[in-house]
Amino acid sequence: MRHAILVIGHGDSSVLQETIKVLDDKDIDFYIHWDKKFPKPALKATNSNLIFIDRMKVYWGTDSQVIVEKKLIAAVVNSKNNYDYVHLISSTDMSATVVKCWKIPIRKCRFSNIFLR
């Protein structure tokens, strides 16, 4: 299963770097927009591709957020890669599952009730 993870990022990149570390896999690519108001982070992956798109300033609650989403989607479409799933996250989101669960169809993955304990 091939996944494209679209990231809208800003500020501190440490959570995103940890997300990349957890999900680093040849079948998972990250398409990243980093708000131009902040320095571009030096993110690293061993197996995943990290693709940065052209940067612009993003303001909460404005059309700039939608414009960035559209640019990220266009980057995936124009890549000509065949992804089974496309996900949109922020740079402060963390995966609640491990790579193994991303490699099988979602309907077959058993999620634990980690938030109900």
Can you give me the closest heavy-atom contact between [X] and [Y], atom names plus distance?
X	Y	result
V7	S90	CG1-C, 4.1 Å
H33	D54	CD2-O, 3.3 Å
L88	L72	CD1-CD1, 4.4 Å

Just by modelled atom types, is the [Y] backbone N or O under 3.5 Å from a matching donor or acceptor in the [X] side chain?
X	Y	value
Q65	G61	yes
S48	D25	yes
D24	A45	no

To the closest 0.5 Å, what do you measure between [atom1] ([X]) and [atom2] ([Y])?
X	Y	atom1	atom2	result
K21	L16	NZ	CG	13.5 Å
I8	Y31	CD1	OH	15.5 Å
I28	T19	CD1	OG1	11.0 Å

Discussion item. Considering only residues two or more places apart or on different chains, which pairs with a residue in residues 28-44 satisfy salt bridge (Lys or Arg N to Asp or Glu O under 4.0 Å)?
Written reply: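 Pairs touching residues 28-44 that pass the test: R2-D29, D35-K37.
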Given side chains that start at C-beta, do those of [X] and [Y] come closer than 4.5 Å, heavy atoms only?
X	Y	answer
M94	V22	yes
I89	L6	no
I5	Y85	no
L43	S13	yes
I20	F30	yes
D27	M1	no
I32	I51	no
M56	S64	yes

Discussion item. Are more than 12 heavy atoms, taken from residues, nucleotides or ligands other than N78, located less than 6.0 Å from that residue's CG atom?
Written reply: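 Enclosed.
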Item to complete: Consider only side-chain heavy atoms of I, L, V, M, F, W and Y, link residues closer than 4.5 Å, and tell whether L50 and V68 are in one cluster.
Response: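 No; tracing contacts between hydrophobic side chains, which count when under 4.5 Å, never links both residues.
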Worksheet item: Are I53 and Y83 co-members of a hydrophobic cluster defined by side-chain heavy atoms under 4.5 Å apart?
Response: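 Yes, it is one cluster - the side chains of Y83 and I53 are joined through contacts under 4.5 Å.
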Item to complete: Enumerate the residue pairs fulfilling ring-ring contact (aromatic ring centres under 6.0 Å, His included) with a member in residues 34-66, sequence neighbours excluded, ordered by first and then second residue.
Response: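 Listed by first then second residue: H10-F38.
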